[in-house]
Amino acid sequence: MKNSQSDNADQNLVPPVLPTYARADVAFERGEGVYAWDKDGNRYLDFGSGIGVNNLGYCHPVLVKALTEQAGKIWHTSNLYRIEGQERLAERLSKECFADSMFFTNSGAEALECAIKMARKFHNDNGNPDRYRVITFEGCFHGRTLATIAASGAEKLVKGFGPMMDGFDHQPFHKDMSKVEAAITEETAAILIEPVQGEGGIRPVSGENLQILRDLCDKHGILLMFDEVQCGMGRTGKLFAHQHSPITPDILATAKGIGGGFPLGACMTTDRVAQCMKAGTHGSTYGGNPLAMAVGNAVLDVMLAKGFMEHVDQMSYELRKALVKLGSSYPDVIDVVRGKGLMLGLKLHTPVPEFIAAALKNGLMVVAAGDNTVRLLPPLIIAQEHIDEGIGLLEKTCAVVKKAVDAKKADSDTGD
Ligand code: PLP
C-alpha cells in the first residue's frame, strides 16, 4: 500500500496532487451568488470569481438549469458530428462582435494556441511562410503551454522549461505603442495583446494605443490578435473589452467567463483569416462539447439580457469610487486603484501575499497579480450591498496590514 498524503508530508515526499500551486488552506463546499462556504460553514465574499471565471457568480439558476438539462440528454459526441449548440453559440457571438467564425476550446491557453497557429497559417497560405513571429508585451500572460509561456517570456514562467519555442518578440508595455513599429520585421505575423492585462497587474491599454496597433498591423500587412481570456465576457462592462474603442482585431481568444465555470474557450476570427483553417488543420476532442455549449449559450442569455451591462457599469463605478476613498484613507497600504469595469486592481505599497492572506482570514477572496497588485474580479452580478460589505472587509484588511507595517517600522526605529 502506498503512503497517505499526510504520511508523505511527514516524510517530505510529494503529495498525490502535483504541488504546482501555493494553495490557501481552505476547501470550499458550496457557493451561491457572490458567496462561497467552506467545509466548516464559514462564509466568504468572493471578489475573485475563481480568477475571473464565475462572472455570473456561483450556481446561477440559468446556468444550473442549462447544464443539468443537457446532462440528461447528451454529454459528448466529438467534433466528428455537427453540434447544434456550437452553431448557435457561434452565430450569437458573431452578431455581438467582429468575428465571422470561431473554434471552441476547453481553456484559455488552447484558444491562444489556436490563435498563434492561425496567424502562421494565414501568412503561409497567403504566400508569406516566413511571417511566423508574434510580438508580445512585458507583463503579458497567455497560458502555461509551451507556446504560451514562450509568448510571455517571463522568467517565472519559462525557467527550467527550455529550450523555448521560437517565434515571439517581447516588447516593453509601452506608454506609446507607436514604438512597436521598430520591432516589426519581414518575419512578423501578428501583434498579440491583452486589452487589459490581468496577471500583469490589471493594466489597461488605452483606446489610442489599440488604434496605433491596429494602424501598424494594417500598414505592415500583419494580424492584430487580442487575448480577452480574462478581460472579455462582460468583465469590463462590454461583452469584449476592446469594444470600448472603435477598433477590432483579426483574431480574439477568450475563455474563463464564457463558460461561467464550465471549461470553455473560443478563438474567433474574421472571414478573411478563417479561410485558411480547412478540415484537418486543427482540432480538439472535447472542445465545444454539448455540455459546454449548453452553458455557453446560457451565459449569453444572461449577459445579453437588457440592463446587464448597464448593471456592470453602475457597480464598477460604485466599487471604484469606494476603492479610491479607501486608498486615500490608507495611503501607506494602497498606492493606486486602476482597471476597467469590474476588473480592478489595487497596486500596493505593502506585500501582496500578506494582504491576500489577511483578506481571506477576514472572509474575502481576492487574487494576486504582477506589479505588486491585488486583483478584484467580483462576479458581475454583485449588488451595492456586496460592494459595501467588500469595502468593509478590505478596510479591515488594510487596518491589519497597516498595523503590521507600523509595528515593523517601530521595531526598526528602536533597532530591535
Ligand atoms: N490569457 C489570459 C489573459 C489569462 O488571464 C489566462 C489565464 O489566467 C490565460 C490566457 C490562460 O487561460 P487558461 O488558464 O484557461 O489556459
Side-chain angles (χ1 to χ4, degrees), residues 18 20-23 48-55 103-119 134-154 156-158 161 165 168 170 173 190-205 210 224-236 239-242 249 251-268 284 286-289 292 295-296 299 339-345 365-371 373-377:
L18 268 183
T20 58
Y21 282 90
R23 297 172 195 267
S49 297
I51 325 184
V53 169
N54 304 324
N55 283 5
F103 180 88
F104 292 110
T105 67
N106 309 286
S107 70
E110 284 176 63
L112 265 303
E113 287 277 343
C114 179
I116 295 161
K117 281 177 72 176
M118 206 147 62
V134 176
I135 292 174
T136 60
F137 296 90
E138 174 268 320
C140 70
F141 182 80
H142 301 297
R144 294 285 195 156
T145 61
L146 279 174
T148 54
I149 60 172
S152 160
K156 65 179 180 192
L157 300 180
V158 304
F161 293 108
M165 180 181 148
F168 297 97
H170 306 115
F173 191 72
I191 295 174
L192 168 62
I193 194 163
E194 294 159 75
V196 183
Q197 264 193 4
E199 305 288 320
I202 309 293
R203 300 194 293 176
V205 182
L210 292 181
L224 182 59
M225 309 201 288
F226 286 160
D227 179 343
E228 294 224 18
V229 167
Q230 193 166 148
C231 62
M233 297 313 293
R235 181 52 56 197
T236 69
L239 195 60
F240 296 108
H242 73 271
I251 299 176
L252 181 145
T254 194
K256 293 190 185 267
I258 191 174
F262 197 93
L264 174 60
C267 179
M268 310 178 174
S284 166
Y286 294 118
N289 89 357
V295 182
V299 166
K340 225 180 173 97
L342 286 173
M343 186 171 180
L344 294 169
M365 292 145 81
V366 291
V367 185
D371 199 30
T373 304
V374 172
R375 257 180 291 182
L376 306 178
L377 307 166

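Just the heavy atoms: all of them, side chains too, but no hydrogens, waters or symmetry mates, feed the values below. Counting convention: from 1, in listed order, for ligands and their atoms alike. Since this is a predicted model, take the numbers as computed values, not measurements.
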Atom [atom1] of [X] and atom [atom2] of [Y]: how far apart are they, to the nearest 0.5 Å?
X	Y	atom1	atom2	answer
Lys256	Cys231	NZ	SG	11.0 Å
Ile251	Met225	CD1	CE	5.5 Å
Thr136	His142	OG1	NE2	5.5 Å
Cys267	Met118	SG	CE	3.5 Å
Leu224	Ile135	CG	CD1	11.0 Å
Glu228	Met233	CD	CE	10.0 Å

Next on the checklist: Do Val295 and Leu264 make a side-chain contact, defined as non-hydrogen atoms from C-beta onward lying under 4.5 Å apart?
Outcome noted: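 Sidechains of Leu264 and Val295: no contact.
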Checklist entry - Heavy-atom distance under 4.5 Å between the side chains of Asn289 and Phe104, does that happen here? => result no
Ligand 1 N/O within reach of [X] N/O, cut-off under 3.5 Å:
X	answer
Ala109	yes
Lys256	yes
Phe141	yes
Ala255	no

Within the 4.0 Å heavy-atom shell around [X], which atoms of ligand 1 are there?
X	result
Ser107	15 (O), 16 (O)
Glu199	8 (O)
Asp227	1 (N), 2 (C), 3 (C), 10 (C)

Item to check | Cationic N near anionic O, under 4.0 Å, Arg375 to Glu199 | outcome: yes
Item to check | Arg144 contact mode with ligand 1 (heavy-atom cut-off under 4.0 Å) | outcome: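 The answer is neither.
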Next on the checklist: Please work out, at 4.0 Å between heavy atoms, whether the side chain, the backbone, both, or neither of Glu194 comes within that distance of ligand 1.
Outcome noted: side chain
Checklist entry - Among Gly198, Gly108, Gly200, whose heavy atom sits nearest atom 13 (P) of ligand 1? => result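 It is Gly108 whose heavy atom sits nearest to atom 13 (P) of ligand 1.
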Checklist entry - Any idea which of Glu113, Glu110, His142 brings a heavy atom closest to atom 10 (C) of ligand 1? => result His142
Checklist entry - Starting from atom 5 (O) of ligand 1, which protein heavy atom do you reach first, and at what distance in Å? => result Gln230 NE2, 2.7 Å
Checklist entry - Quick one: nearest non-hydrogen protein atom to atom 9 (C) of ligand 1, plus distance? => result Val229 CG1, 3.7 Å
Next on the checklist: Tell me whether ligand 1 is touched by Gln197 - counting only heavy atoms on the residue side and a distance under 4.0 Å.
Outcome noted: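 Checking ligand 1 against Gln197, which is what was asked, there is no heavy-atom contact under 4.0 Å.
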